[in-house]
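Beneath this line is the structure, given in structure tokens, with notes to follow.
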Amino acid sequence: MVEDSLSPASITNNLVTRFIGQRVIYYSRLTSTMDVAKREAQQGAVEGTIIIADEQTAGRGRLKRAWLSPKGSIALSIILYPSVAYLPSLIMLASLAVVHSIESVTGLKSQVKWPNDVLANGKKVCGILIESDVRGNMVDYTIIGIGINVNLRLSDFPEILPTATSLSNELGRGVSRLSLIRQLLVEIERLYLMLQAGGSIFEEWRDSLITLGKRISLKSGKTIYEGIAESVASDGSLLLRQSDGSLTKIVAGDATLGD
Ligand code: BTN
């Protein structure tokens, strides 16, 4: 097992970013990094501030689910103040940054399951939760929460075994959380600055989706849709071809892959 400290200094020391991760708030244990990030953002924390924890006791997932976040995993939230036009792209940005960082630090190739789960060998290794406070056309703040199963022994967590994995499980060795976090911060900033400079990350995100062309079952609100995931629109929504031939645009939901 790789034992690595996540002290603020170890993260910021010679970190080659302008603002993402230049201020780090670290907890060994807390309820959820999202809660602290929200409080900090409401108090005007500098953009790029990150909240990081070795362990979360009440980690939150998408669609009001709980997120298991024991020691050995990465739990971090990043505070941003983007313009409203960038909000759909942030979902793409976060998942792509995770895919790039995992590959550059470990060599492992991962894929995105729509909208923003990251899978390694077909199982979930990372979840992303984005929460924004938007008033009219103005974003007060956006928080990107990223949870990565890094050094987890899956037999200790039988409840996630059927659908999830960890990097150490896939690689057969421990992974430095510190290296992964530092790379992730660099990658998030690179993509964020690229967006602000007018670049697009849509095509790369679309091409990294494992979902397209597959038969899926998709739960959105109380409705379950079945069909073929045909394509995605530039706002990130999924276009699902149902058996009656109709094409339905789905903005948010939870997809289960068939074949
Ligand atoms: C999901 O796949 O449902 C999203 C999971 C997001 C988990 C991360 S861990 C860091 C941050 N703090 C939380 O409580 N949740 C996010």
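One-based numbering, in listed order, for ligands and for the atoms of each.
A salt bridge is absent between Glu47 and Arg18: the closest approach of a Lys/Arg side-chain nitrogen to an acidic carboxylate oxygen does not fall below 4.0 angstrom. By the 4.0 Å N-to-carboxylate-O rule, Arg153 lies close enough to Asp156 to be salt-bridged with it. A salt bridge does not link Arg29 with Asp54: every distance from a Lys NZ or Arg NE/NH1/NH2 to an Asp or Glu carboxylate oxygen is 4.0 Å or more.
Nearest-residue assignment for atom 2 (O) of ligand 1 (options Glu131, Arg65, Lys124; heavy-atom criterion): Lys124.
Remark: ligand 1 atoms within the under-4.0 Å shell around heavy atoms of Ser32 are 12 (N), 13 (C), 14 (O). Every atom of ligand 1 with a heavy atom of Asp117 under 4.0 Å away is listed here by number and element: 2 (O). Within ligand 1, the atoms closer than 4.0 Å to a non-hydrogen atom of Gly61 are 1 (C), 3 (O), 4 (C), 5 (C), numbered from 1 in the order shown. The atoms of ligand 1 that sit less than 4.0 Å from any heavy atom of Gly59 are 14 (O). Residue-ligand proximity, Leu76 to ligand 1, at heavy-atom distances under 4.0 Å covers atoms 10 (C).
In this structure, Ser73 contributes its side chain and Val150 its backbone to no donor-acceptor pair below 3.5 Å. No donor-acceptor pair closer than 3.5 Å links the side chain of Arg39 to the backbone N or O of Gln43.
The 12-atom threshold is exceeded at CG of Asp207, counting heavy atoms of other residues, nucleotides or ligands nearer than 6.0 Å.
Under 4.0 angstrom from ligand 1, the non-hydrogen atoms of Ile128 all belong to its backbone.
Here salt bridge (charged side-chain N to carboxylate O under 4.0 Å, His left out) pairs that include residues 64-88, with residues two or more places apart or in two chains, are Arg65-Asp254.
Looking from atom 8 (C) of ligand 1 to the surrounding protein, the closest heavy atom is Gly147 N, 3.6 Å. At the shortest separation from atom 11 (C) of ligand 1 among protein heavy atoms lies Thr33 OG1, 3.3 Å. When hydrogens are left out, the protein atom nearest atom 3 (O) of ligand 1 is Arg62 N, 2.6 Å; that is the closest non-hydrogen contact. Closest to atom 16 (C) of ligand 1 among all protein heavy atoms lies Arg60 O, 3.8 Å.
For the side-chain contact (heavy atoms from CB on, under 4.5 Å) with Leu218, the lone residue among Thr248, Leu238, Thr256 that qualifies is Leu238.
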